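Each remark here refers to the structure printed beneath this line.
Counting starts at 1 for both ligands and their atoms, in listed order. This structure is a prediction, so every number in the text was calculated from the model and none was measured. Throughout, numbering of the chain's residues begins at 1 and tracks the sequence.
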Amino acid sequence: MTFPIAMSSQPDIQQDQPAYRVERSSVHGNGVFARRDIAPGERIIEYAGREITWEEAQIRAEIQGGPHNHTFFFSLANGNVIDGGDHGNEARFINHSCEPNCEAIEEEDGRIFIYALHEIRRDEELSYSYPLIYEGRHTPAIKKAFACRCGAATCTGTMLAPKPRKRKPKVKPEPGLFADPVPALATVQSPQPAAAG
Ligand SMILES: [Zn+2]
């Protein structure tokens, strides 16, 4: 039996089949699912894509008609971003969840990999939490576009990270939500408003 979504370009490593497959998700569009049981801490897939500058990412978002829920750029420690829509792979189909079973980690060399947070059973949907930074106005349309339907009991209802405030109030982060430093934030960037306008 063959899978239409099998993307391996190396047929000689069939005994080491990918731990995931892509199919329709009840959460949003396509999703990525465990093809077999996955061990805690297992490195599942690279978040592939072309590394581009932040400025280039803004241009690309503008060309695509502004931010929408397919435009996900991963920001890197060096200030660049990875565009999963450009030479990317199945990892770009991994959905957000407020109770994720995976996490994205930026390695020393600036590549991003998706790791299992805990044991994942075969056929479970893979997910990770990406607080989306959107610097434009959080209009109702934007909020709707980035509504979260992960179904977790702790679902916040949105994939958008709270907008940074000018004066930081003394608010402790909610435990478990962003308790760990997130090395690679998925970001959405709108074109900067013209200075004169
Ligand atoms: Zn949610």
Parallel, tilted or perpendicular: ring planes of F74 versus Y128, cut at 30 and 60 degrees: parallel
Side-chain (N89) to main-chain (E46) donor-acceptor, under 3.5 angstrom: yes
Tally of protein N, O or S atoms, where distance to the Zn ion (ligand 1) is under 2.8 Å: 4
F33 vs S25 side-chain heavy atoms within contact, under 4.5 Å: yes
Within 6.0 Å of NE2 in H87, more than 12 heavy atoms from elsewhere: no
Approximate separation, where rounding is to 0.5 Å, of H96 NE2 and S129 OG: 5.0 Å
Six-ring centre of Y20, R35 cation under 6.0 angstrom, axis tolerance 45°: no
